There are 2 protein chains.
Amino acid sequence: MRVIGGKWKGSILWHLQDGPVRFNELSRQLGGASKKMLVQRLTEMEQQGLVKREVISERPIAVTYEITGFGRTALGVLEQLKDWAIEYDI
Amino acid sequence: MRVIGGKWKGSILWHLQDGPVRFNELSRQLGGASKKMLVQRLTEMEQQGLVKREVISERPIAVTYEITGFGRTALGVLEQLKDWAIEYDI
DNA sequence: CAGGATCCAACGTGATACTG
DNA sequence: CAGTATCACGTTGGATCCTG
């Protein structure tokens with residue numbers, strides 16, 4: 001729960017599924033999330049090994065976040081959870 | 001996540017596995033949980049259909065909480081989560 | 001562009017005391 | 001026994017402004 005719980009981590013992993021995404025793009029995709037929130041979650045997820053942060057360029061700075069192998073296993077668990085939620089209509 | 005997330009729900013379901021448990025007994029089994037917390041979680045879980053509350057006697061009042069069929073499916077999902085957590089040593 | 005710093009409101013939580 | 005009520009507190013999150 002510490003690793004995959006909370007309101008945003010699942011959505012973040014989901015949006016990183018198909019390749020690296022830049023910070024602001026991710027921010028847009030996640031609609032209701034403030035930038036501060038997103039920074040907090042991403043930092044946390046990087047330390048937990050769920051995502052990998054990569055600086056693409058400086059001036060102007062560009063950063064991408066990419067899901068790791070471990071992150072994909074977490075996403076798998078979340079898929080199980082989703083199937084269960086759908087099955088019981090929650 | 002709304003249904004099985006958080007710090008306590010998993011433990012509560014776990015302790016109800018083998019039959020109904022009274023409030024205070026559950027409180028003792030869950031060590032660090034305050035009574036207030038426990039009431040909140042149990043009320044919430046009753047409304048979500050995870051547990052069933054039953055008044056056994058009044059004066060002195062006795063109440064038990066029992067896991068429902070739906071609660072057992074939730075426990076199943078949590079088992080998956082646990083296996084994953086163990087596999088990756090979190 | 002990708003954050004960091006700051007301020008403030010809302011919420012969750014624990015401790016304690018009380019009740020039918 | 002199984003809660004309810006109240007308060008004090010720390011944490012969390014959003015909003016806003018700032019920066020290399």
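Quick caveat: nothing in here was measured; it's all calculated off a predicted structure. These numbers come from the heavy atoms of this one structure, side chains and all, not from hydrogens, waters or symmetry mates. Below, read A as the first sequence line, B as the second, and so on, with proteins coming before strands; counting in each chain starts at 1.
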Mind listing the N/O atom pairs, protein and nucleotides 18-20 of chain C, below 3.5 Å?
none

Atom pairs and distances, donor-acceptor, side-chain atoms in residues 16-23 of chain A, under 3.5 Å, two or more places apart:
{"from": "A:Q17", "atom 1": "NE2", "to": "A:W14", "atom 2": "O", "distance (Å)": "3.2"}

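- Phosphate contact (OP1/OP2 of D:dG3, side-chain N/O of B:R53, threshold under 4.0 Å): present.
- Rounded to an integer number of Å, the gap from B:Q29 CD to D:dA2 P is 12 Å.
- Side-chain atoms of A:K9 and A:L78, non-hydrogen and from C-beta on, never get closer than 4.5 Å to each other.
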List the atom pairs, donor and acceptor, that lie under 3.5 Å between side-chain atoms in residues 26-40 of chain B and the rest of the protein, sequence neighbours left out.
{"from": "B:Q29", "atom 1": "OE1", "to": "B:H15", "atom 2": "ND1", "distance (Å)": "3.2"}
{"from": "B:Q29", "atom 1": "NE2", "to": "B:E25", "atom 2": "OE2", "distance (Å)": "3.4"}
{"from": "B:S34", "atom 1": "OG", "to": "B:M37", "atom 2": "N", "distance (Å)": "3.2"}

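- For residues 29-69 of chain B, the set of pairs meeting the ring-ring contact (aromatic ring centres under 6.0 Å, His included) definition, not counting sequence neighbours, is empty.
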Protein-nucleotides 11-15 of chain D N/O pairs under 3.5 Å:
{"from": "D:dG14", "atom 1": "OP2", "to": "A:S34", "atom 2": "OG", "distance (Å)": "2.9"}
{"from": "D:dG14", "atom 1": "N7", "to": "A:K36", "atom 2": "NZ", "distance (Å)": "3.3"}
{"from": "D:dG14", "atom 1": "O6", "to": "A:K36", "atom 2": "NZ", "distance (Å)": "2.2"}

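- Distance CZ (B:R28) to P (D:dA2): 8 Å, rounded to an integer number of Å.
- A sub-4.0 Å separation between OP1 or OP2 of C:dA2 and a side-chain N or O of A:R22 is present.
- Note that the NZ atom of A:K52 and the OG1 atom of A:T68 stand 10.0 Å from one another [nearest 0.5 Å].
- Scored by the side-chain hydrogen bond (donor to acceptor under 3.5 Å, both in side chains) test, A:T73 finds B:W84 as partners (sequence neighbours excluded).
- Distance CG (A:L26) to P (C:dA2): 10 Å, rounded to an integer number of Å.
- Rounded to whole Å, atom P of D:dG3 lies 12 Å from atom CD1 of B:I56.
- We find that CG of B:L42 is positioned 16 Å from P of D:dC1, with the value rounded to whole Å.
- To the nearest angstrom, C1' of C:dT13 lies 14 Å from CD of B:E44.
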